Participant: 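Have a look at this one before I ask anything.
For clarity, every value in this text was computed on a predicted model and none was experimentally measured.
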Amino acid sequence: MLKKFLSKLEILIVWSQSILTEKQFIFLSSVLVGISSAFAVIVLKTFAHWVFSFATYINGILKLSFINSVLPIAGLILTVFIIKKVLGGTIEKGTSQILYAVAKKASIIQKKQMYAHIITSSLTVGLGGSAGLESPIVVTGAAFGSNYAQKYKLSYKDRTLLIGCGVAAGIAAAFNAPIAGVLFAIEFLLVDVSISAFTPIMIAAATGALVSEIVLDETILLNFRQQQVFDYHKIPFYILLGVLTGFMSVYYTRYFQRTELFFHKLKLNPYKKALAGASILAVLIFIFPTLFGEGYESIKVLSDSDPGKLLENTLFSGFRDNAWVLLAFVGLTMMLKVFATGITLGAGGNGGNFAPALFLGSYLGYFFSKALNLSGLTQLPVSNFTMVGMAGILSGLFHAPLTAIFLIAEITGGYSLMLPLMLVASISFAISKRFEKHSMDVKDLAQKGHAFTSNKDTNVLSTLDTNSIIQTDYLTVSPDENLEKLVDLISHSNQVIFAVVDKEKHLLGIVHFNNIREIIFNTYRVKYTLVKNIMAEPTEIIYPFNSMETVMNKFERSKVAFLPVIKDEKYFGFISKSTALEAYRTKLKSMTIE
C-alpha cells in the first residue's frame, strides 16, 4: 500500500516539475521535505517518550532506578549490532557531516542517512543513552533534502537549499519552533544565504512545525508555560549567568571530546567497547537517574514549582524536601552530564549534543539562582534563570546565539524574557568564541583541515587538488651558465620564469624575464654574466601537500605570478597564479550551475 502511494506521489512530483517554474517547484519541494523531516521527528520523539514512560512506570513499582540502568546497556549493544549488520559497519555521526557534504561533496548525502539515524538514535536515546535526538533529526532532514534534489536532478545550489530546508524543518518540528528552525539552518549551514532563499526555508520550517503540532502529542515536546515576571533590577545576575554559561560551554566542549576520544582509542571490538561504556553509564544513571535519555522531562520538573520531584525514586528520595541536597544533586548531575554524553557516543551510541546543551543550561541556571536564594544574598526568579540558562549553553556550544534566543523564546510561549535571553546568549557566545574558535559542529572538521560553510572561498578551494595544477615541464638552468643559454631558452619557448638548479635538482633560485630585460639586450653583459649573479631567492615555496587555500595565501603574501614547487627537497615545477585562479573559477562554476 505504501509503495503504491509513493509511486503515485513520484509521478505527481515529476508532472509538477514539468509544468511549474523552477522557483515554484522549489517551494513545492520545501513542503515535501518539511513533511518528511517532521515525520522523522515524530517517529524518534514518540519512541523515546514511550521508552521513558515505560521506565518511569517500572520505577514506580520497584522504587529504584534499576531498570534505567539496564536499558542503556541494551540500547548501545543493539545500536552497534544494527550498525554492523544492517548499515554496513559504519555510520557518519554528528551534524558536521552535513557541513562536510556541502563543502566537499557538492551537497551529496548518502541515501542510508535517511533512515540510519532514525533507527540507531531511537535505540540509543530511546533506551536511555544520555544524548539528544536533534542531531540525528537534523542529519535525517538534510539527507531527505539532498536525496530529493538528487532524485529530481536539481543543481548544487538547490540541493544545498533543500538540505537547509530539511534542517530547518527538523528543528522546527522537534520543538514546535519554526523561527528557531529557520535561524538554525542559516547560522549552522547557510551562513551567506541570500534573501531569496529565506522563503523555501520558512515554508519548510512552518510545514515541519505544523505537522508536528497536528500529529505529535504536545507533552512529548519540550515546552514551558510557567515563567515569572522579568525584573530589570536582576540584570547584573543575568550578566553573571552569561559568563558562567560561556565558561561551562568551554568545559563541556573540551571534556566531551576527551571522553569520546578516549573510547574511540580503546582497542576493543565494538561490542566489548559498547558494553564497557554502557556499564559505566549504567552506574551513573543508577546514582543520577536524570542522566537517562534526553533529560527533557527533568528540565520540565526543574522549572516547575516542585523541583524536589527529581529525587523521587532515587537513592536520595529521603531528602526530597531538603533544598541543599537537591541543589547538590543538581550540581553533580550538571557536571557529570558531559561524561555521560561522551561515553554514550564514544562507546558506539548515536545521538547529539543539542539536548545535553539544553539540559546543562537549565541545570546551571537553576543551580546558580537557587544557590544565591538559599544563601540569602538575593531572591532570583528560579524558573526564569532555568530557562535563560539553556540559551546560554546552546549559544556557547554551537556558536548560534540567534537560534538560542528565539528557540527559548518560542518554547516558553512568549518574548517577555527577550532581554535576558539576548544578554546571556551574547555573553556566552563571546566567551566561548574567545576560548574555542570553532563550534562543536565544526571543531573536528577544522582540526582535520576540512573546510566548513562559514567561508565559501575555503569550501571551493578545499575541493581542489594542488597536484593537479603543478606544471612540471618548465625548463631549468644551471647557476654557472652564462646568460647566452638563458636567452636561447627564452627565444625558443614561452617561458618567462626559470628555476636555477644544481646537478642534484636542488632549487638555488629563480630568474624572471621581467627582472633581466635590460641585461639580455646587452650583448656584452649576456656573454659575461652568470646566471647565479642575477638569480633571486623565491619569496615563497609551495609543497605538493599544501592545501589550495595555503597556496592562494602564499600568492597573496608574495605578490608574484609564479611560485616554485619543492618535492622531496628537490625542484619539482611551478604553479601559476592564473592557473590556480582558473581552476577556482571552473570549480565554482561547476558547483553553482543551475
Participant: Does P356 reach the side chain of Y252, with side-chain heavy atoms less than 4.5 Å apart?
Facilitator: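 With C-beta onward as the side chain, the pair touches.
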
Participant: Hey, does the side chain of S432 reach the backbone of G396 with a donor-acceptor pair shorter than 3.5 angstrom?
Facilitator: yes

Participant: Work out which heavy atom in G170 is nearest to a heavy atom in S37; give both atom names and the distance.
Facilitator: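 In this case the closest contact between G170 and S37 is N-CB, 4.0 Å.
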
Participant: On a heavy-atom basis, which atom in T79 and which in N350 lie closest, and how many Å separate them?
Facilitator: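 That closest heavy-atom pairing would be CG2-N, 4.2 Å.
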
Participant: What heavy-atom pair brings A142 and V167 nearest, and what distance separates the two atoms?
Facilitator: CB-CG2, 4.1 Å

Participant: Among L360, L240, L394, L364, which residue satisfies the side-chain contact (heavy atoms from CB on, under 4.5 Å) criterion with T245?
Facilitator: L364

Participant: Can you see whether S395 engages S428 through a side-chain donor-acceptor pair at a distance of less than 3.5 angstrom?
Facilitator: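 There is no such pair between these side chains.
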
Participant: For a quick test of reading the model, state the closest non-hydrogen atom pair linking G129 to L281 and the distance between them.
Facilitator: CA-CD2, 4.2 Å

Participant: Rounded to the nearest 0.5 Å, what separation is found between the CG atom of N353 and the CD atom of Q257?
Facilitator: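 Those atoms lie 9.0 Å apart.
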
Participant: So T120 and P136, do their side chains get closer than 4.5 Å, heavy atoms only?
Facilitator: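 Result no, sub-4.5 Å side-chain heavy-atom pair not found.
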
Participant: Taking atom CZ of F262 as the centre, report whether more than 12 heavy atoms of other residues, nucleotides or ligands fall under 6.0 Å from it.
Facilitator: no

Participant: To the nearest 0.5 Å, tell me how far F406 CZ sits from L183 CG.
Facilitator: 6.0 Å

Participant: Does Q97 reach the main-chain N or O of E92 with its side chain, forming a donor-acceptor pair under 3.5 Å?
Facilitator: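 Flag set: sc Q97 to bb E92 pair under 3.5 Å.
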
Participant: Does the pair V211 and I42 meet the rule for a side-chain contact (heavy atoms from CB on, under 4.5 Å), with working shown?
Facilitator: CA-CA 9 Å; V211 173; I42 291 165; 3.9 Å; yes

Participant: Tell me, do F354 and L407 make a side-chain contact under 4.5 Å, heavy atoms counted?
Facilitator: yes

Participant: Report yes or no: does T124 contribute a side-chain atom to a donor-acceptor pair with the main-chain N or O of S121 at less than 3.5 Å?
Facilitator: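 Side chain of T124 to backbone of S121, a donor-acceptor pair under 3.5 Å: no, none is there.
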
Participant: Report the distance from atom CZ of F429 to atom CD1 of I405, rounding to the nearest 0.5 Å.
Facilitator: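 So the gap between those two atoms works out to 11.0 Å.
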
Participant: Report the distance from atom CG of L302 to atom NZ of K309, rounding to the nearest 0.5 Å.
Facilitator: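 One gets 12.0 Å once the value is rounded to the nearest 0.5 Å.
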
Participant: Report yes if the side chains of I91 and H117 come closer than 4.5 Å at any heavy-atom pair, otherwise no.
Facilitator: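 Result yes, sub-4.5 Å side-chain heavy-atom pair found.
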
Participant: What heavy-atom pair brings L358 and M390 nearest, and what distance separates the two atoms?
Facilitator: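 Where L358 meets M390 most closely, the heavy atoms are O-CG, 3.2 Å.
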
Participant: Look at the side chain of K273 and the backbone N and O of F263, then say whether any donor-acceptor pair between them is shorter than 3.5 Å.
Facilitator: yes

Participant: Is there a donor-acceptor contact under 3.5 Å linking the side chains of T403 and E187?
Facilitator: yes

Participant: Atom CZ of residue position F316 - does it have more than 12 heavy atoms of other residues, nucleotides or ligands inside 6.0 Å?
Facilitator: yes

Participant: Do the side chain of K234 and the main chain of Q379 share a donor and acceptor less than 3.5 angstrom apart?
Facilitator: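 Side chain of K234 to backbone of Q379, a donor-acceptor pair under 3.5 Å: yes, one is there.
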
Participant: Is there a side-chain contact between I408 and L417, using heavy atoms and a 4.5 Å cut-off?
Facilitator: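 Counting from C-beta outward, I408 and L417 never come under 4.5 Å.
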
Participant: Does the side chain to side chain donor-acceptor pair (under 3.5 Å) test come out yes or no for S130 and T344, once each step is laid out?
Facilitator: CA-CA 6 Å; S130 194; T344 299; 5.1 Å; no

Participant: Which heavy atom of G208 sits nearest to which heavy atom of A38, and what is that distance?
Facilitator: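 Here G208 and A38 meet closest at O-CB, 3.7 Å.
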
Participant: Take atom CE of M422 as the centre, draw a 6.0 Å sphere, and report whether it contains more than 12 heavy atoms from other residues, nucleotides or ligands.
Facilitator: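 Count not over threshold, so no.
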
Participant: Is there a side-chain contact between V43 and F47 (heavy atoms, below 4.5 Å)?
Facilitator: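 V43 vs F47: side chains apart.
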
Participant: Could you go step by step and tell me if W324 and F319 meet the side-chain contact (heavy atoms from CB on, under 4.5 Å) rule?
Facilitator: CA-CA 9 Å; W324 285 105; F319 300 93; over 6 Å; no

Participant: When rounded to the nearest 0.5 angstrom, what distance separates CD1 in I285 from CG in L336?
Facilitator: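 With rounding to 0.5 Å, CD1 (I285) is 11.5 Å from CG (L336).
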
Participant: Taking the six-membered ring for Trp, are the ring centroids of Y363 and F367 within less than 6.0 Å of each other?
Facilitator: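 No, too far apart.
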
Participant: Below 4.5 Å, heavy atoms only, C-beta onward: do K272 and K267 meet side chain to side chain?
Facilitator: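 No, their side chains stay 4.5 Å or more apart.
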
Participant: Taking it one step at a time, do F292 and E297 satisfy side-chain contact (heavy atoms from CB on, under 4.5 Å)?
Facilitator: CA-CA 10 Å; F292 183 93; E297 293 298 328; over 6 Å; no

Participant: Could you tell me the separation between the CG atom of L76 and the CG atom of L345, rounded to the nearest 0.5 Å?
Facilitator: 8.5 Å

Participant: Less than 4.5 Å apart, any side-chain heavy atom of P307 and any of L326?
Facilitator: yes

Participant: Would you find a donor on one side and an acceptor on the other, under 3.5 Å apart, between the side chain of N373 and the backbone of L380?
Facilitator: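 It does hold such a pair.
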
Participant: Taking the six-membered ring for Trp, are Y255 and F339 parallel (under 30°), tilted (30 to 60°) or perpendicular (over 60°)?
Facilitator: perpendicular

Participant: Flag the pair K45 and E294 as a salt bridge only when some basic side-chain nitrogen lies within less than 4.0 angstrom of an acidic carboxylate oxygen.
Facilitator: yes

Participant: Is E436 reaching over with its side chain to a backbone N or O of T253, donor-acceptor style, under 3.5 angstrom?
Facilitator: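 Looks like no, no N/O pair under 3.5 Å.
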
Participant: Anything under 30° is parallel, anything over 60° is perpendicular, the rest tilted; go ahead and classify F385 against F368.
Facilitator: tilted

Participant: Could you go step by step and tell me if F175 and I171 meet the side-chain contact (heavy atoms from CB on, under 4.5 Å) rule?
Facilitator: CA-CA 6 Å; F175 295 100; I171 292 295; 4.3 Å; yes

